[in-house]
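Step one of this worksheet: look at the structure below.
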Amino acid sequence: MLSSASNRVLTFTLQFSSSLKFSPKTHIDYRPRSLHSSIMSSASRSSPREALLDDSGCGGPITLEEWQRWGCISPVPAMVNAVIQDLKLLENNIDAHMVFGGNGGKLQGDFKIQEDKKHRAKYETLADSDKKFQFYSSRQIACRLLGSRGYLCQKCWLPMEDCMCSKVKPSSLWHGIKFWVYMHPKDFLRQNNTGKLLWQVFGVQAATLCLYGISEDEEIMWNAFKDAGKAKVWCLYPNHNNAPKTVQDAFSHQTSADMECAYSLTNKDRPLNFVLIDGTWSNSAAMFRRVKEQAKLAWGEEDIPCISLATGASAMHKLRPQPSWDRTCTAAAAISVLAELQLLPECSTHGLDKQAEAVEDALIVLLEVLTTRRLRMGRSITRKVRHSRDIC
């Protein structure tokens with residue numbers, strides 16, 4: 001979720017007792033590889049999806065089964081498969097294999113140079129700005145999917161030799177809450193992403209992935225918000241235009257009658273929807289603007305209710321320093337909101353503290369796996385502290 005050069009948007013933590021402290025995460029790079037070499041290096045841990053590779057070295061189209069194995073619930077994005085088809089044609093035409101490597105499985109080598117020219121030319125032919133945006137997002141997703149086939153576990157997004165799935169204990173999220181992980185394409189399939197832990201723990205229906213710029217994903221989320229109504233949608237984002245409410249302000253019965261109505265969680269079909277914007281700080285502003293645009297279309301006004309969580313230093317800073325001590329990762333933000341809701345008398349009987357602990361346990365597992373991997377690869381497990389002026 002976090003990139004090494006930038007920091008996360010959901011940057012709020014809660015001062016927990018020693019039994020509920022946040023854990024940090026780190027960033028892992030991996031060696032450049034082609035689709036052929038990826039499969040060869042993973043021969044001892046083959047998976048059925050390798051059959052999707054053909055003799056040209058390029059993957060075939062994404063099937064619904066494969067798409068949903070990565071954590072998605074939407075239909076296969078048509079534009080993603082269109083991009084994959086274009087990549088396959090280019091690979092055949094120039095007689096060169098695609099090579100992936102670096103952060104997020106980026107294209108590399110001579111093929112990248114040729115593909116870069118082609119995709120830029122296509123981008124210029126798209127007159128509609130929304131089409132350009134969708135093409136950008138689809139290309140990011142397509143390259144990550146192709147570069148990860150046969151290399152990453154489809155559930156935990158880690159290299160297969162480091163798969164943590166057997167160590168993650170699933171938990172049921174209270175029916176009155178639903179998380180939406182609104183993820184930037186550059187964070188999709190990142191090994192150190194923590195947003196993925198939410199659906200690993202709670203399942204894809206309770207914690208749903210929505211990819212920024214993928215119309216099939218966004219349509220599902222927008223429609224859910226329309227059905228729920230504005231009073232049931234909250235964004236965990238520091239909206240500086242309007243003062244965000246605390247959990248106490250938003251959901252305590254000591255608030256206004258309107259807020260009491262918003263907190264009527266007896267209807268299982270109308271849970272509170274919490275949007276966690278999963279992107280770097282440099283990308284988050286555009287993502288939040290898109291949420292506000294949809295809010296205006298749905299409810300006639302741009303302002304979407306935002307929640308500010310109690311702040312405090314997170315252990316995440318050990319491996320991934322943030323711009324200031326009040327910022328942390330997506331999973332830790334989810335832990336915060338669950339823990340703060342648990343403190344309200346209205347929510348104290350729903351076991352939200354146990355659900356928060358389940359996410360925290362998964363976060364610790366991810367940290368341990370990433371730390372072990374870095375040590376095995378001879379890499380540092382500490383990060384240079386940045387923006388020390390913000391550290392108190």
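From a predicted model like this one, the values you see are computed outputs, not experimental measurements.
Shortest non-hydrogen contact noted between Leu209 and Asp217 is O-OD2, 3.7 Å. Met160 and Cys153 get closest at one heavy-atom pair: CG-N, 4.1 Å. Residues Val80 and Ala142 come closest through the heavy atom pair O-CB, 3.9 Å. Between Gln342 and Asp353, the shortest heavy-atom distance links the atoms OE1-N, 3.4 Å. Annotation for Phe111 and Ala96: closest pair CD1-O, 3.9 Å, computed over non-hydrogen atoms. Shown here for Ala295 and Ile304, the closest heavy-atom pair between the two residues is CB-CB, 4.4 Å.
The CG atom of Leu146 lies 11.5 Å from the CD1 atom of Ile141; values are rounded to the nearest 0.5 Å. Between Lys354 atom NZ and Ser172 atom OG the span is 15.0 Å, to the nearest 0.5 Å. In this structure, CG in Leu276 is found 12.0 Å from SG in Cys210, a value given to the nearest 0.5 Å. Between the CZ atom of Arg190 and the CE atom of Met183 there is a distance of 10.5 Å, given to the nearest 0.5 Å. Here the NE2-CG distance, from His184 to Asn193, works out to 13.0 Å after rounding to the nearest 0.5 Å. With rounding to the nearest 0.5 angstrom, the CG atom of Leu236 is 5.0 Å from the CG atom of Leu309.
Looking at Leu211 and Ser74, their side chains never come closer than 4.5 Å, going by heavy atoms from C-beta outward. Tyr182 places a side-chain heavy atom less than 4.5 Å from the side chain of Glu218. Inter-residue side-chain proximity for Leu152 and Gln191 is flagged as met; some heavy-atom pair is nearer than 4.5 Å. Proximity of Cys347 to Phe251: side-chain heavy atoms (C-beta onward) are nowhere separated by under 4.5 Å. Using a 4.5 Å heavy-atom cutoff, the side chains of Ser138 and Ile214 are in contact. Contact annotation: the side chain of Val365 never approaches that of Leu197 to less than 4.5 Å [non-hydrogen atoms, C-beta and beyond]. Counting only heavy atoms from C-beta outward, the side chains of Lys245 and Pro305 never approach each other to under 4.5 Å. At a threshold of 4.5 Å between non-hydrogen side-chain atoms, the residues Glu161 and Arg373 count as touching.
In Lys155, the NZ atom is not crowded: 12 or fewer heavy atoms of neighbouring residues, nucleotides or ligands sit closer than 6.0 Å. Asp130 CG: more than 12 foreign heavy atoms inside a 6.0 Å radius. At most 12 non-hydrogen atoms from other residues, nucleotides or ligands lie less than 6.0 angstrom from NZ of Lys112. Around atom CZ of Arg376, more than 12 heavy atoms belonging to other residues, nucleotides or ligands sit under 6.0 Å away. Within 6.0 Å of CG on Asp110 lie no more than 12 heavy atoms contributed by other residues, nucleotides or ligands.
Ser137 places no side-chain N or O within donor-acceptor distance of the main-chain N or O of Gln134, the cut-off being under 3.5 Å. Remark: the backbone N or O of Ala78 is paired with a side-chain donor or acceptor of Glu216 at under 3.5 angstrom. Asp128 contributes no side-chain N or O that, together with a main-chain N or O of Leu126, makes up a donor-acceptor pair within less than 3.5 Å. Arg374 contributes a side-chain N or O that, together with a main-chain N or O of Ser380, makes up a donor-acceptor pair within less than 3.5 Å. Ser348 places a side-chain N or O within donor-acceptor distance of the main-chain N or O of Pro345, the cut-off being under 3.5 Å.
Under the 6.0 Å cut-off for aromatic ring centres, Phe179 and Trp199 do not qualify, their centroids lying 6.0 Å or more apart. Checked against the 6.0 Å centroid threshold, Tyr212 and Phe133 count as a close aromatic pair.
For the residue pair Asn81/Gln85, the side-chain donor-acceptor check at 3.5 Å is not satisfied. Residues Arg290 and Gln294 bring no donor and acceptor atom of their side chains to less than 3.5 Å of each other.
Between Glu65 and Arg69 there is a salt bridge, with a side-chain nitrogen of the basic residue lying less than 4.0 Å from a carboxylate oxygen of the acidic one. Between Asp187 and Lys196 no salt bridge is recorded (no basic side-chain N to carboxylate O distance below 4.0 Å). Salt-bridge annotation for Glu115 and Arg139: present, with a side-chain N of the basic residue lying under 4.0 Å from a carboxylate O of the acidic one.
The hydrophobic cluster containing Val99 does not contain Ile113, counting ILVMFWY residues as joined when their side-chain heavy atoms lie under 4.5 angstrom apart, directly or transitively. Residues Leu90 and Tyr123 are members of one and the same hydrophobic cluster, defined by side-chain heavy-atom contacts under 4.5 angstrom among Ile, Leu, Val, Met, Phe, Trp and Tyr. The hydrophobic clustering, which links ILVMFWY residues whose side-chain heavy atoms are closer than 4.5 Å, places Ile62 and Leu64 together. One hydrophobic cluster, built from ILVMFWY side chains closer than 4.5 Å, cannot hold both Tyr136 and Phe288; they sit in different ones. The hydrophobic cluster containing Leu107 also contains Ile94, counting ILVMFWY residues as joined when their side-chain heavy atoms lie under 4.5 angstrom apart, directly or transitively.
Aromatic ring orientation, Phe135 versus His119: tilted (interplanar angle from 30° to 60°). Note: Phe188 and Trp67 have tilted aromatic rings, judged against thresholds of 30 and 60 degrees for the angle between ring planes.
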Please lay out, stage by stage, how Leu370 and Leu158 fare under the test side-chain contact (heavy atoms from CB on, under 4.5 Å). CA-CA 9 Å; Leu370 293 176; Leu158 294 173; 3.8 Å; yes
Passes side-chain contact (heavy atoms from CB on, under 4.5 Å), Tyr237 versus Val291? Steps please. CA-CA 11 Å; Tyr237 187 83; Val291 172; over 6 Å; no
Pair Ile177-His350, side-chain contact (heavy atoms from CB on, under 4.5 Å): steps then yes or no: CA-CA 11 Å; Ile177 292 175; His350 300 308; over 6 Å; no
Using the side-chain contact (heavy atoms from CB on, under 4.5 Å) rule, take Ser148 and Trp70 through it: C-alpha gap first, then chi angles, then the decisive distance, then the call. CA-CA 10 Å; Ser148 301; Trp70 292 112; 3.9 Å; yes
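Cation-pi geometry between Lys178 and Trp180 is met: the NZ or CZ atom falls under 6.0 Å from the ring centre, inside 45° of the normal.
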